[in-house]
Amino acid sequence: MELYLDSANTEEIQKVSRLQFLDGITTNPSIIAKQSESFETKIKQIGRLIDGKVWCQVTGENAEEMYHQAIEMSGWTKDTVIKIPMNFEGLVAAGELVKKNIEVNFTLVYSLSQVILAAKANVAYISPYVGRTDNYSLDGKRFIKEAKSVFQNLNSSTKIIGASIKSPQTVVDLVHAGADAVTMSYDVLNKMFQSPLTDMGLDQFNEDWQNYIQNK
Ligand SMILES: O=C[C@H](O)COP(=O)(O)O
């Protein structure tokens with residue numbers, strides 16, 4: 001399973017880059033818009049901070065614009081995944097990029113008919129936005145399970161990256177549902193390793209150890 005941080009914040013990226021197993025950084029236009037640097041400067045900086053894939057999203061309004069942006073962005077880091085919106089123009093652009101062996105992710109995927117088109121387009125990833133799905137009383141976990149089964153039925157190698165994750169339990173649910181990858185905020189990533197039982201156990205070990213070495 002691949003695990004990504006969904007952020008463009010330098011401090012957050014520097015901290016998590018110490019985790020050797022992280023697969024990279026995902027971004028989107030809203031995440032980039034929170035930063036002071038230009039898009040290109042920011043993505044290149046992330047590429048220097050992390051040893052892994054850097055995901056960036058095209059903002060063009062038609063296939064041609066998306067394609068040219070994607071080609072340019074591919075040169076910004078050594079391992080770039082291009083995020084393309086799931087719509088007609090995006091499908092056209094993705095076709096051209098896949099031919100050039102560029103890794104493409106269809107973003108904002110919410111229906112199984114979109115999943116079928118993604119499989120036909122032979123893209124590397126799709127990203128269903130689980131938290132946003134759940135906000136509309138639709139079942140994000142179930143959608144990932146069904147999308148996985150569609151890919152299996154079609155013998156597709158397209159991977160599913162669960163996005164818009166709001167809690168560690170959602171990560172667990174998505175792994176059970178068959179997600180190949182997950183991306184989460186710094187806040188959710190930090191909550192993943194926290195447990196009051198771990199803290200209590202560690203406090204007890206420390207206390208016992210101090211007593212032991214003092215009485216030796
Ligand atoms: O780019 C994908 C993000 O995971 C979206 O997350 P969000 O719903 O918290 O904006």
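Keep in mind the model is a prediction, meaning the values are calculated, not measured. Indexing begins at 1, ligand by ligand and atom by atom, following the structure's order.
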Give the ring-plane orientation class for Tyr125 versus Trp55, where under 30° counts as parallel, over 60° as perpendicular and anything between as tilted.
tilted
Checking Thr27, Ile165, Thr26 against Thr183 for side-chain contact (heavy atoms from CB on, under 4.5 Å), the one that qualifies is Thr26
Give the residue and atom name of whichever protein heavy atom lies nearest to atom 10 (O) of ligand 1, and the separation in Å to one decimal.
Arg132 NH2, 2.7 Å
When only distance counts, is Asn28 in polar contact with ligand 1, meaning an N/O pair under 3.5 Å?
yes
Quick one: does any side-chain atom of Asp6 pair with a main-chain N or O of Ser185 as donor and acceptor, under 3.5 Å?
no
Could you verify whether a donor N or O on one side chain and an acceptor N or O on the other, from Lys42 and Thr10, lie under 3.5 Å apart?
yes
Note: Lys83, heavy atoms under 4.0 Å from ligand 1, region reported as side chain
Does Lys166 come within less than 4.0 Å of ligand 1, judged by its heavy atoms?
yes
Report the nearest protein non-hydrogen atom to atom 3 (C) of ligand 1: residue, atom name, distance rounded to 0.1 Å.
Asp6 OD2, 2.8 Å
If you scan protein heavy atoms around atom 5 (C) of ligand 1, the nearest is Tyr129 CE2, 3.6 Å
Distance-only side-chain donor-acceptor flag, Ser127 / Asn105, under 3.5 Å:
yes
Testing Asn190, Val188, Leu189 for side-chain contact (heavy atoms from CB on, under 4.5 Å) with Pro168, which one passes?
Val188
Atoms in ligand 1 flagged as close to Ala163, the criterion being non-hydrogen separation under 4.0 Å:
2 (C), 4 (O)
Quick one: does Thr27 get an N or O within less than 3.5 Å of an N or O on ligand 1?
no
Would you please determine whether Thr26 falls within less than 4.0 Å of ligand 1 on a heavy-atom basis?
no
Give the C-alpha distance, both sets of side-chain angles, the deciding distance and a yes or no for side chain to side chain contact (heavy atoms under 4.5 Å, CB included) between Gln57 and Thr107.
CA-CA 9 Å; Gln57 187 165 330; Thr107 192; 3.8 Å; yes
